J.: 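After the structure tokens below, expect a handful of questions from me.
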Amino acid sequence: MIPTITALERSPDRGRGLARDMRVRWALEEVGQPYDVRLLSFSAMKESAHRRLHPFGQIPTYEEGDLALFESGAIVFHIAERHAGLLPEDANARARAITWMFAALSTVEPPIVDRSTAMILERDKSWHEERLPILEDRVRVRLGELSSRLGDADWLDDDAFSAGDLLMVTVLRRLNRSGLVEKYPNLSAYIARGEARPAYKRAFADQWAVFTGKPPTS
Ligand code: GTB
């Protein structure tokens, strides 16, 4: 059965692959699962028809027969469990890859989202200039710790790409253009390795085409 996911018909990132449908598209491409996309406006996301799928009125969602899921991490985990290629067979290696999925979403993503939120929604506040360096320091702490752990490895565990890397790369990409990642060349190279994967490129091209109506130029 071909699953259907939801995405924004006009994402604020203008097709840079930062909205959270990107990680679901990438996971589906990695495992070779075709999918359909239902595009939603911001107002449609808040209507009751969509809220039946997503209690918080957000994207992405995932529908497959009787199953409806929300939360990008849960959707990627579901895809990784149902298909080969995103989680190792060995039970301990699998548990470690799942640990990295949680680490990406619950330890690394929150300070990055806090910083983006401040940049987008709080620029006009009197305390913005004082708060931003604090938020950026929190991001730097996590980047430093992640960089130390990654070292010169290709991927986070056992040098085999997993759903943990997929989520971590999408989380780190949100810092594009911030100048924060460049201080850690191994993290920049790690992101570039993720972006070089053919499945990533297909997913990126598809979401880019939603915004621009054209394939990416590079
Ligand atoms: N925890 C949820 C998940 O991981 O699925 C979060 C989902 C979420 O925040 N979805 C956003 C949404 O629906 C779309 S990705 N927001 C509408 C709302 O909450 O009312 C949003 C997005 C767009 C652009 C960037 N960017 O440019 O960096 C990042 C994220």
Side-chain angles (χ1 to χ4, degrees), residues 3-28 30 35 37-64 67-81 86 98-123 132 135-136 138-139 142-143 163-182 187 191 194-195 200 203-204 206-212 216:
T4 299
I5 68 166
T6 50
L8 292 171
E9 90 188 347
R10 203 155 178 84
S11 176
D13 73 343
R14 306 171 68 86
R16 288 186 293 130
L18 301 175
R20 287 184 181 80
D21 56 297
M22 177 63 199
R23 45 186 75 162
V24 174
R25 291 172 183 270
W26 185 7
L28 288 162
E30 286 285 347
Y35 60 99
V37 182
R38 191 167 63 250
L39 298 176
L40 296 173
S41 64
F42 271 92
S43 61
M45 275 197 305
K46 304 301 173 193
E47 284 168 15
S48 55
H50 184 66
R51 280 193 192 271
R52 276 195 284 280
L53 293 174
H54 197 310
F56 309 116
Q58 297 180 319
I59 63 95
T61 57
Y62 175 99
E63 293 157 82
E64 185 188 12
L67 178 67
L69 299 175
F70 60 95
E71 282 297 328
S72 58
I75 298 169
V76 170
F77 183 47
H78 171 76
I79 296 165
E81 281 215 306
L86 282 173
I98 294 167
T99 300
W100 279 114
M101 295 178 72
F102 278 87
L105 300 187
S106 61
T107 301
V108 180
E109 186 166 52
I112 293 175
V113 169
D114 286 348
R115 176 190 169 276
S116 308
T117 306
M119 297 285 286
I120 297 165
L121 300 178
E122 297 170 356
R123 274 183 183 278
L132 190 60
L135 297 177
E136 296 204 325
R138 288 183 192 149
V139 172
R142 285 291 177 254
L143 294 182
D165 296 295
L166 185 151
L167 291 179
M168 192 66 83
V169 168
T170 59
V171 164
L172 295 176
R173 284 192 75 254
R174 199 155 173 167
L175 292 170
N176 282 357
R177 304 185 185 183
S178 71
L180 291 169
V181 181
E182 288 68 11
L187 293 185
I191 297 168
E195 292 174 339
Y200 175 93
F204 185 91
D206 284 349
Q207 61 79 47
W208 173 266
V210 170
F211 191 82
T212 62

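What you see is a predicted model; the values in this text were computed from it and never measured. In listed order, ligands and their atoms are each counted from 1.
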J.: Any side-chain hydrogen bond (donor to acceptor under 3.5 Å, both in side chains) pairs touching residues 52-63, not counting sequence neighbours?
T.: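 Counting only pairs at least two positions apart or across chains, the side-chain hydrogen bond (donor to acceptor under 3.5 Å, both in side chains) contacts touching residues 52-63 are Thr6-Thr61, Arg38-Glu63, Tyr62-Glu64.
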J.: For ligand 1, which atoms, with element, lie under 4.0 Å from some heavy atom of Arg174?
T.: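 Checking each atom against Arg174, I get 28 (O), 29 (C), 30 (C).
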J.: Distance to 0.1 Å, residue and atom name: give those for the protein heavy atom nearest to atom 5 (O) of ligand 1.
T.: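 Answer for atom 5 (O) of ligand 1: Ser72 N, 2.8 Å.
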J.: Can you confirm whether Trp100 sits close enough to Asp165 that some side-chain heavy atom of one is under 4.5 Å from a side-chain heavy atom of the other?
T.: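 A side-chain contact is absent here, since even the closest heavy-atom pair is not under 4.5 Å.
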J.: Could you tell me if the side chain of Glu81 sits less than 4.5 Å from the side chain of Val76, heavy atoms only?
T.: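 Sidechains of Glu81 and Val76: no contact.
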J.: What is the nearest protein non-hydrogen atom to atom 21 (C) of ligand 1, stated with its residue, atom name and distance?
T.: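 Result for atom 21 (C) of ligand 1: Arg20 NH1, 4.2 Å.
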J.: Below 4.5 Å, heavy atoms only, C-beta onward: do Ser41 and Arg10 meet side chain to side chain?
T.: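 SC-SC contact between Ser41 and Arg10 ruled out.
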J.: What residue and heavy atom of the protein are closest to atom 23 (C) of ligand 1, and at what distance?
T.: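 I find the closest protein heavy atom is Pro12 CG, 3.9 Å.
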J.: Checking side chain to side chain contact (heavy atoms under 4.5 Å, CB included) against Pro60, which of Val24, Leu69, Leu53, Val37 comes through?
T.: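 That would be Val24.
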J.: Are any non-hydrogen side-chain atoms of Leu8 and Phe42 less than 4.5 angstrom apart?
T.: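 Leu8 reaches Phe42 side chain to side chain.
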J.: Just going by heavy-atom distances, which of Arg14, Met45, Lys46 is nearest to atom 18 (C) of ligand 1?
T.: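 When every heavy atom of Arg14, Met45, Lys46 is considered, Lys46 comes closest to atom 18 (C) of ligand 1.
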J.: So if I count the atoms of ligand 1 from 1 in the order they appear, which ones are less than 4.0 Å from some heavy atom of Pro60?
T.: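 Counting atoms of ligand 1 from 1, those under 4.0 Å from Pro60 are 5 (O).
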J.: How far is atom 13 (O) of ligand 1 from its nearest protein heavy atom, and which residue and atom is that?
T.: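 Here the nearest protein heavy atom works out to Ile59 N, 3.0 Å.
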J.: For atom 26 (N) of ligand 1, what's the nearest protein heavy-atom neighbour? Residue, atom name and distance, please.
T.: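 Going by distance alone, atom 26 (N) of ligand 1 is nearest to Leu18 CB, 3.6 Å.
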J.: Nearest protein heavy-atom contact for atom 27 (O) of ligand 1: which residue, which atom, what distance?
T.: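 Protein heavy atom at minimum distance: Asp13 CB, 3.2 Å.
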J.: Considering only non-hydrogen protein atoms, determine which one is nearest to atom 19 (O) of ligand 1 and report residue, atom name and distance to 0.1 Å.
T.: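 Answer, as residue, atom name and distance: Gln58 NE2, 2.9 Å.
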J.: With a 4.0 Å cut-off, would you call Arg20 and Glu71 a salt bridge?
T.: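 No, Arg20 and Glu71 are not salt-bridged.
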J.: Taking the side chain as every heavy atom from C-beta outward, state whether Val171 and Arg23 have any pair of such atoms under 4.5 Å apart.
T.: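 A side-chain contact under 4.5 Å exists here.
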J.: Of all the non-hydrogen atoms in the protein, which one sits nearest to atom 1 (N) of ligand 1, and at what distance?
T.: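 Protein heavy atom at minimum distance: Glu71 OE1, 2.8 Å.
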J.: Distance under 4.0 Å to a non-hydrogen atom of Ala19: what atoms of ligand 1 satisfy this?
T.: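 Within the 4.0 Å cut-off of Ala19, ligand 1 contributes 15 (S), 22 (C).
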